[in-house]
Amino acid sequence: MVAQYKCIRTYVRVCLAGLRGGRRRGQACPPGVKLGYGEASRRTRRPVGNAAMAYWLFKSEPATWSWDQQVAAGAAGTFWNGVRNHLAKKQLMAMQVGEQGFFYHSNEGKAVVGLVEVIRPYYPDHTDETGRFGMVDVRAVKALPRPVTLDAIKADPVLAEMVLVNNSRLSVQPVTEAEWARVCALGGLG
DNA sequence: GCCAACGTTGGC
DNA sequence: GCCAACGTTGGC
């Protein structure tokens, strides 16, 4: 295995490049190779042993981009472009691959209709001429059996602190674990 | 760096 | 379609 590389240094460099992400090379680093400490933190940019997952909410006007379109995009997902607000950008930048978010229909519908998963971390938004904003890729995970309406969210004391209630204009929002569980329950999941 | 004017979002 | 809330812009 190692012999295919000119030397062990080249081999380790290739492995590290794979770990840093960017494009997947299709091959994990073979076992038995010590990459040294810091591997996990390089992978996740989070302290080792802290696997806390964050939750999010993505707003979209169905006339612009609907849940049905998101579902149709399938496992390959789509980029979530168009964010032009620095607070929303901050949320996008904090997202980790594998984290989930609500898909919320604003204007028409006004309800959480499904769950999405982040499948690519923050990278530049090619539709932003200023070059200041970025985006992530998301894919549809599943629809809520029962959409959770804004009215239902506002009526629920557990959800009184949701950003959706208090700063409804923010297009990408953080969601607490308790809020996540509650909305999922109201939607007929879990 | 303040702040008025303006534009946009999104609930109603 | 109205308008409150919020963010951005640009003159000073």
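In the text below, chain A, chain B and the rest are named by the order of the sequence lines, each starting its count at 1.
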Starting the side chain at C-beta, find the nucleotide from [options] nearest to [X].
X: A/Asn107; options: C/dT8, B/dG10, B/dC12; answer: B/dG10
X: A/Asn85; options: C/dC6, B/dG11, C/dG7; answer: C/dG7
X: A/His86; options: C/dT8, B/dC12, B/dG7; answer: C/dT8
X: A/Arg132; options: B/dG7, C/dT9, B/dC12; answer: C/dT9

Value in whole Å for how far the [atom2] atom of [N] lies from [atom1] of [X]:
X: A/Phe133; N: C/dT8; atom1: CZ; atom2: P; result: 6 Å
X: A/Lys90; N: C/dG7; atom1: NZ; atom2: P; result: 12 Å
X: A/Glu108; N: C/dG1; atom1: CD; atom2: P; result: 15 Å
X: A/Leu170; N: C/dG7; atom1: CG; atom2: P; result: 8 Å
X: A/Arg169; N: C/dA5; atom1: CZ; atom2: P; result: 11 Å
X: A/Asp151; N: B/dG10; atom1: CG; atom2: P; result: 17 Å
X: A/Glu61; N: B/dT9; atom1: CD; atom2: C1'; result: 8 Å
X: A/Leu87; N: C/dG7; atom1: CG; atom2: C1'; result: 11 Å

- Picking from A/Leu186, A/Thr176, A/Leu164, what satisfies side chain to side chain contact (heavy atoms under 4.5 Å, CB included) with A/Leu159?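 Only one of A/Leu186, A/Thr176, A/Leu164 forms a side chain to side chain contact (heavy atoms under 4.5 Å, CB included) with A/Leu159, namely A/Leu186.
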- Task: Output every pair passing side chain to side chain donor-acceptor pair (under 3.5 Å) with a member in residues 147-162 of chain A, not counting sequence neighbours, ordered by first then second residue.
- Result: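 Qualifying pairs, neighbours excluded: A/Asp156-A/Arg182.
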- Looking at residues at least two apart in the chain, or sitting in another chain, which of them share a ring-ring contact (aromatic ring centres under 6.0 Å, His included) with A/Trp180?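 Counting only residues at least two positions away or on another chain, A/Trp180 forms a ring-ring contact (aromatic ring centres under 6.0 Å, His included) with A/Tyr55, A/Phe102.
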- Message: Within this structure, what is the OH-OG distance for the pair A/Tyr104 and A/Ser168, rounded to the nearest 0.5 Å?
- Response: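 Spacing of OH (A/Tyr104) from OG (A/Ser168) equals 8.0 Å.
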- Task: Please determine if a side-chain N or O atom of A/Tyr104 lies less than 4.0 Å away from the OP1 or OP2 oxygen of B/dT9.
- Result: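 The answer is no; no side-chain N or O of A/Tyr104 sits under 4.0 Å from OP1 or OP2.
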- Query: Closer than 4.0 Å, any side-chain N/O of A/Lys110 to the OP1 or OP2 of B/dG10?
  - Reply: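 Looking at the OP1 and OP2 atoms of B/dG10, neither is under 4.0 Å from any side-chain N or O of A/Lys110.
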- Message: Holding to side-chain hydrogen bond (donor to acceptor under 3.5 Å, both in side chains), I want the full list of residues that pass it with A/Glu61, two or more places apart in sequence or in another chain.
- Response: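 So A/Glu61 forms a side-chain hydrogen bond (donor to acceptor under 3.5 Å, both in side chains) with A/Asn107.
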- Task: Could you tell me which residues satisfy salt bridge (Lys or Arg N to Asp or Glu O under 4.0 Å) with A/Asp125, sequence neighbours excluded, listed by chain and number?
- Result: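 If we apply the salt bridge (Lys or Arg N to Asp or Glu O under 4.0 Å) test to A/Asp125, skipping adjacent residues, the hits are A/Arg84.
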- Query: Hey, can you pull the residues of residues 152-166 of chain A with a non-hydrogen atom under 4.0 angstrom from DNA chain B?
  - Reply: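 DNA chain B contact set from residues 152-166 of chain A: A/Lys154.
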- Going by side-chain heavy atoms closer than 4.5 Å, which hydrophobic residues are tied to A/Phe133, directly or by a chain of links?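 Traced through the cluster, A/Phe133 reaches no other member.
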